[in-house]
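Okay, structure first, notes after.
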Amino acid sequence: MSGPKVVRVVTREELLAQSHALLARMDQAQAHWLKSVATEDGDARAQAAARREQLLALLASDAFARFNAAAEREITFLHDDAERRHEQAAVQRAQRSATRLRSRQNALVLLQALKDKGVGLQADMQQSLDAVAQGEASDAAAQQALAAGFQMLAPTPQPVALSSAQMALAQRLAADSDKGDGAAPWKRQWLDEQADARLQSITLQLERLRQLTQEWSGQKAFVAAFEQRLAAAIAEPGNARRSMLLDSLQIELASAAQDAKAFAALHQEAQALLDALPAANQEMRVELQSVVETRQLAALQQWLASAHAMQQAAVQAEAAQHRRAAVLKGLAALGYAVHEGMETAWLEQGRIVVQKPGQSDYGVELAAAPAAQRMQVRAVAFQAQRDASRDIDAEQLWCNDFTRLQNQLASEGGEVLIEKALGVGTLPLKQVQLQEAAQAGRASQAHAPQRTL
């Protein structure tokens, strides 16, 4: 048995609130993930929905610890898979973009070479190459026009007699060139190896930036500014200046994409916080929108710090209210005189004293700060002139009642954890004047009805 104790009370309502907050985070992560999943990918969507139903079953059975662990794993998976899908899509778009840009650059070089060589072009050929140079031709049309144009630069071969072996080789090469995209496998590999790594990097960063800023106001103009600079660099005739422009653009795009990624992550966190603060939702939503429009990472970080503090205070206040209510309900069930308004008095004064009818000399003091997780509980005496030999009996009786209180809260899905305890009789009983105890127990009866946080 033990005397004065420092305990931590965890109620079912507190555990349920924590799990519901985690469920809201998971749903928000799933909504973000769904944006990365193709509509036709029904299997992935069905599997995610099934996993959510399994987690809801855990929550419905009050398996809070198992639910929380599984929900955290699901949030991590959804985040990582969304990142993977977004990156995969960006890479695919970047590859197509790089191919078009290389075609434009090749068309510009080809047109200048044909002009320098004095090769006259028919109107349809001129129109086709101009369309490629301006980025208006399809990939297939661009490849066809470029092939025809470069053929015009090649010297006309003189007819020669071919041996049977040479003719057979030519036929095999011709057969290879008719497959797929019109280039033999060895030639396609050579072309891939010659791809401009810098151009690939630029187009990939550009597509990442497009994805990360899709919810920004003015996003199209923001991304278009980089696209215009890229087009201008590609069209630059001087190799040295073109290289300098592309280097500069590559550095700026990488920095912009990195900042946008950090901003997007914080924005997603901010949206989740708004869902956790329904009372302040409208006002804070307007404030958040104004912060987002500034695109300032520091401003969003400051907003998040303030919102986190507000959320934490609200969560702690609500949890403390549930703890006070649960303890008083349990004590009432054990026969202690619990009066209306005691919970409010406890909140305002930081302590109350309860007693059992018929035990006029002793009571129990409960002390805790308004939003504290821990509380101190101890038996107290009301009379200075008393038989002190009964003090140990009073402590032992309270210790027995405390064990019953623990069992009762456990049966309701909560728990009372002892973090520190002194032995029975280790310290003299604290003396509380009976008038003081009455004030601590009934001070708020004259106040407004009990409030909640």
Side-chain angles (χ1 to χ4, degrees), residues 6-32 52 55-56 58-60 62-76 78-79 265-288 291 300-330 342-351 366-376 409-410 412-417 419 450-453:
V6 175
V7 302
R8 181 163 57 90
V9 178
V10 181
T11 65
R12 179 183 180 277
E13 290 78 10
E14 183 179 355
L15 295 173
L16 188 61
Q18 292 171 355
S19 293
H20 277 165
L22 197 54
L23 177 62
R25 281 180 53 208
M26 188 183 75
D27 286 342
Q28 202 260 357
Q30 189 175 85
H32 177 72
R52 185 179 187 278
L55 289 175
L56 290 179
L58 288 176
L59 187 57
D62 284 2
F64 300 119
R66 290 174 58 197
F67 169 84
N68 292 349
E72 288 285 5
R73 289 195 299 270
E74 181 69 5
I75 290 171
T76 300
L78 292 171
H79 177 269
L266 291 180
H267 190 191
Q268 185 178 354
E269 182 182 349
Q271 292 291 350
L273 268 178
L274 283 180
D275 294 339
L277 291 169
N281 233 359
Q282 188 56 37
E283 178 183 351
M284 294 194 71
R285 190 177 299 278
V286 173
E287 183 181 349
L288 174 61
V291 170
L300 184 54
Q301 289 171 331
Q302 184 177 1
W303 184 94
L304 271 171
S306 175
H308 271 302
M310 182 181 297
Q311 180 204 29
Q312 190 65 19
V315 168
Q316 289 179 351
E318 182 178 6
Q321 187 271 327
H322 286 308
R323 287 192 289 270
R324 290 190 295 269
V327 169
L328 290 176
K329 176 184 174 183
M342 271 191 170
E343 186 180 336
T344 303
W346 192 355
L347 171 65
E348 294 178 349
Q349 300 178 22
R351 57 181 289 271
L366 311 171
Q373 289 185 323
R374 294 164 179 79
M375 64 180 66
Q376 186 180 62
L409 265 65
E412 296 175 356
E415 59 181 345
V416 181
L417 305 172
E419 296 195 346
Q450 179 176 327
R451 70 187 184 191
T452 59
L453 296 180

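Residues: numbered from 1 along the sequence shown.
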Can you tell if the side chain of Thr11 reaches within under 4.5 Å of the side chain of Leu16, non-hydrogen atoms only? no
A side-chain contact here means heavy atoms from C-beta on lying under 4.5 Å apart; do Leu23 and Leu56 qualify? yes
Please report the shortest heavy-atom distance between Ala326 and Leu409, naming the atom on each side. O-CD1, 4.0 Å
Separation of Arg323 CZ from Glu343 CD (nearest 0.5 Å): 11.5 Å
Measuring only between side-chain heavy atoms, which start at C-beta, is Val9 closer than 4.5 Å to Arg324? no
By the ring-ring contact (aromatic ring centres under 6.0 Å, His included) test, which pairs, at least two apart or in different chains, include something from residues 6-31? none
Pairing of Arg8 and Glu419 as salt bridge, 4.0 angstrom limit: yes
Taking ring-ring contact (aromatic ring centres under 6.0 Å, His included) as the test, write out the residues that go with His267, two or more places apart. none
Rounding to 0.5 Å, atoms CD (Gln311) and CD (Gln316) come to a distance of 10.5 Å
Among residues at least two apart in sequence or on other chains, which ones pass side-chain contact (heavy atoms from CB on, under 4.5 Å) with Glu74? Met26, Arg51, Leu55, Phe77, Leu78
Run the side-chain contact (heavy atoms from CB on, under 4.5 Å) test against Gln18 and tell me which residues pass, sequence neighbours left out. Glu14, Leu15
State the CG-CZ distance between Leu59 and Arg52, to the nearest 0.5 angstrom. 10.0 Å
Flag if over 12 foreign heavy atoms under 6.0 Å of CD, Glu412: yes
Return the set of residues passing side-chain contact (heavy atoms from CB on, under 4.5 Å) with Glu287 (not counting sequence neighbours), or none when no residue passes. Trp303
Atom CD of Gln271 and atom NE2 of His32: how far apart are they, to the nearest 0.5 Å? 12.0 Å
Tabulate below the donor-acceptor pairs under 3.5 Å that side-chain atoms of residues 63-73 make, not counting sequence neighbours, or state none.
residue, atom, partner, partner atom, Å
Asn68, OD1, Ser19, OG, 2.9
Asn68, ND2, Phe64, O, 3.3

dist Leu304:CG -> Gln302:CD (nearest 0.5 Å) comes out at 10.5 Å
Taking the side chain as everything from C-beta on, heavy atoms only, tell me whether Met310 gets closer than 4.5 Å to Leu273. no
Ala320 to Pro370 - nearest heavy-atom pair and separation: CB-O, 3.1 Å
